[in-house]
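Comments concern the structure below.
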Protein chains: 2
Amino acid sequence: MATSSSEIHVAVDLTVLTLRDGALNVLLIQRDDEPHRGAWALPGGFVQLGEDLDGAAYRVLADEASLGSGAVHLEQVRTFGTPGRDPRGHVVSVAFMALGADLPDPRRGEDVADARWWALEELAEVKLAFDHATVLDCAVERARSKLEYTTLAATFLPEEFTISQLRGVYESVWGTTLDAGNFHRKATRTEGFLEELDRHAAPTGGRPARLYRAAGGTSLMPPLLRSGD
Amino acid sequence: MATSSSEIHVAVDLTVLTLRDGALNVLLIQRDDEPHRGAWALPGGFVQLGEDLDGAAYRVLADEASLGSGAVHLEQVRTFGTPGRDPRGHVVSVAFMALGADLPDPRRGEDVADARWWALEELAEVKLAFDHATVLDCAVERARSKLEYTTLAATFLPEEFTISQLRGVYESVWGTTLDAGNFHRKATRTEGFLEELDRHAAPTGGRPARLYRAAGGTSLMPPLLRSGD
DNA sequence: CACAGTTCTGGTCATCGTGACTCCATCTGC
DNA sequence: GCAGATGGAGTCACGATGACCAGAACTGTG
């Protein structure tokens, strides 16, 4: 479908991000079809007539990444439509980012030779298909900046988590280290960010950490800026 | 063109903003065709095969708003693609915002019954065509928040301007009043924001204000938050 | 010309958020 | 019991901010 060149075609491309072993990972699929057969690419697909953009993104998430919509934060990032970005014709692609907590290894979907998680650092020498390197950069930068002024970081964690785990999210996504005490003060004092629970996590060689859950708020005021803390 | 329902069509919609008499204004066109004939709508049009998204936006700016690309800041906001948002079929629309300094009154373009500037407050009781009320809200909110952490405010002003004029931009777009002294300190001390000139503006009943020009920077660090200053 | 009114610009001061740092609590493992 | 690790609280100096004040430099009026 959708390979004629008399019409503009609409697609979605997904940058699916999760944390694995304290590193930011992105899900890539290896293409089994031309163009760019054998190259690694972001999961994506054409939007079907009458289909919602978000719906198409969730469908791709299920088909190509075998991930359900549960516990995944999906958000539109930007739309790429430069003619020539896809050799099959004029394809306008709506880029999404999807964030989830420790997502499982993908099973191979249709039209896909392989699918796996990549740590972002591994990708330095990998040539992605189409303009997906740009799309990926755009989505990662969006995720990094949204951690600053929203409560999005919790979507990288299970329902209940410790402050250290939350700090680990920031450190992994931003690629920095943060002062534990200052981060603790900031996270616990910011209204609408965390809800304190009465239980503690199993100790890991130190004092057991109190468990928290994401509170209702979505915006962080004042923000938690990257330049320090 | 582009009214069949066997394909998805791609369009651009523009939220063109400027300041007129100290109020934020948006450019609307009155539709001369079905659907929504006679209703006010954002300028927009279908993207042509082989055309860049930004190119389509600039073309619409010229055709429907008779505005050249000079001195207009154009930026993608979000893409709307819910089926049913356009009765002609499945139309995916990439929303842009365009900001300019005291833009001229538009001349009527093609397929347009009328075109004029509307102060945002006037629009409370106006029913816009399609989902353009949502698109407009989204673009205005984007503009408001980008004033906080970028140097975008200067695009609402002529090349040379005073601090008071710059403060007026913030006050008009945010709908607040800011302390003149504090704003002056903040604007002049933030690196990369303003370049001081050796000339002064013609006095308006008080001490003449020094003229400034936008410096090279694009991001405001630290940001200028809406909650005060 | 004196004076009020206006606007621009620089200043003071209390407060608050922040980064660097210290200290104690509470666990594991030896 | 003790070393080592982690969690959580506190201290302190500094910089940014909001509220407010004062002088500079103009216009307009009596």
Side-chain angles (χ1 to χ4, degrees), chain A residues 22 147-149 151 157 160-172 174 176-213 217 219-229, chain B residues 22 147-149 151 157 160-172 174 176-213 217 219-229:
Chain A
L147 286 202
E148 294 189 327
Y149 57 95
T151 60
L157 294 174
E160 299 181 356
F161 52 85
T162 67
I163 304 275
S164 292
Q165 288 178 292
L166 187 65
R167 178 166 48 85
V169 171
Y170 279 89
E171 294 181 334
S172 301
W174 286 348
T176 56
T177 59
L178 302 172
D179 180 272
N182 292 336
F183 183 86
H184 191 277
R185 177 181 60 197
K186 176 86 180 189
T188 51
R189 306 254 168 110
T190 301
E191 243 167 287
F193 197 7
L194 297 180
E195 182 186 338
E196 187 175 319
L197 302 178
D198 280 334
R199 280 166 301 113
H200 292 259
T204 61
R207 173 173 169 179
R210 182 178 290 277
L211 283 170
Y212 290 84
R213 175 162 53 196
S219 71
L220 239 42
M221 194 61 196
L224 222 161
L225 298 175
R226 259 175 281 190
S227 54
D229 188 327
Chain B
L147 286 201
E148 295 189 326
Y149 57 94
T151 60
L157 294 174
E160 299 181 357
F161 52 85
T162 67
I163 305 274
S164 293
Q165 288 177 292
L166 187 65
R167 179 166 46 85
V169 172
Y170 279 89
E171 293 181 334
S172 302
W174 287 349
T176 56
T177 59
L178 302 173
D179 180 272
N182 292 336
F183 183 87
H184 191 277
R185 177 181 58 197
K186 177 85 179 190
T188 51
R189 306 255 166 107
T190 300
E191 245 167 284
F193 197 7
L194 297 180
E195 183 186 338
E196 187 176 319
L197 301 178
D198 281 333
R199 279 166 303 114
H200 292 259
T204 61
R207 174 175 170 178
R210 181 178 290 277
L211 284 170
Y212 291 83
R213 174 161 53 195
S219 70
L220 238 44
M221 193 60 196
L224 223 160
L225 298 176
R226 257 174 283 190
S227 54
D229 188 325

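Just so it is clear: chains get the letters A, B, ... in the order the sequence lines come, proteins before strands, and each one is counted from 1. Being a predicted model, the structure only gives us computed values, none of them experimental.
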**Asked** In terms of side-chain heavy atoms of B/P208, which of D/dG8, D/dC26, C/dT7 is nearest?
**Response** D/dC26
**Item:** Pair A/E160 + A/R199: basic N to acidic O under 4.0 Å
**Value:** yes
**Request:** Look at the side chain of A/A209 and decide which nucleotide, out of C/dT9, C/dT18, D/dG7, has an atom nearest to it.
**Result:** D/dG7
**Prompt:** How many Å lie between CZ on B/R226 and P on D/dG18, as a whole number?
**Reply:** 14 Å
**Asked** Taking atom C1' of C/dT7 as reference, at what distance in whole Å does atom CZ of B/R210 sit?
**Response** 15 Å
**Fill in**
Between A/G181 and A/G205, the residue closer to the 5' end of DNA chain D by nearest nucleotide is A/G205
**Message:** Within the 4.0 Å heavy-atom criterion, would you say B/T188 contacts the bases, only the backbone, or no part of the nucleic acid?
**Reply:** nothing
**Prompt:** Any idea which of C/dT28, C/dT7, D/dG8 is nearest the B/R207 side chain?
**Reply:** C/dT7
**Request:** Measure the distance from CG on B/L225 to P on D/dA16 and round it to the nearest whole Å.
**Result:** 14 Å
**Item:** Of the listed nucleotides D/dG18, D/dG8, C/dT7, the one nearest the side chain of B/R185
**Value:** D/dG18
**Asked** Taking atom P of C/dC8 as reference, at what distance in whole Å does atom CD of B/Q165 sit?
**Response** 9 Å
**Prompt:** Do B/Y212 and B/F161 make the cut of ring centroids closer than 6.0 angstrom?
**Reply:** no
**Prompt:** In whole angstrom, what separates B/L220's CG from D/dT17's C1'?
**Reply:** 15 Å
**Item:** Side chain of A/N182 (C-beta onward), nearest among D/dT6, C/dC21, C/dT7
**Value:** C/dC21
**Message:** For C/dT18 and A/K186 - does any side-chain N or O of the residue sit under 4.0 Å from the phosphate oxygens OP1/OP2?
**Reply:** yes
**Request:** Rounded off to whole Å, could you give me the CZ-to-C1' distance for the A/R189 and C/dT18 pair?
**Result:** 12 Å
**Message:** Could you tell me how far apart B/D179 (CG) and D/dC21 (C1') are, to the nearest whole angstrom?
**Reply:** 11 Å
**Separation of atom CD in A/E196 from atom C1' in D/dG8, rounded to whole Å** = 11 Å
**Prompt:** Out of D/dA9, D/dC26, C/dC8, which has the shortest distance to the side chain of A/H184?
**Reply:** D/dA9
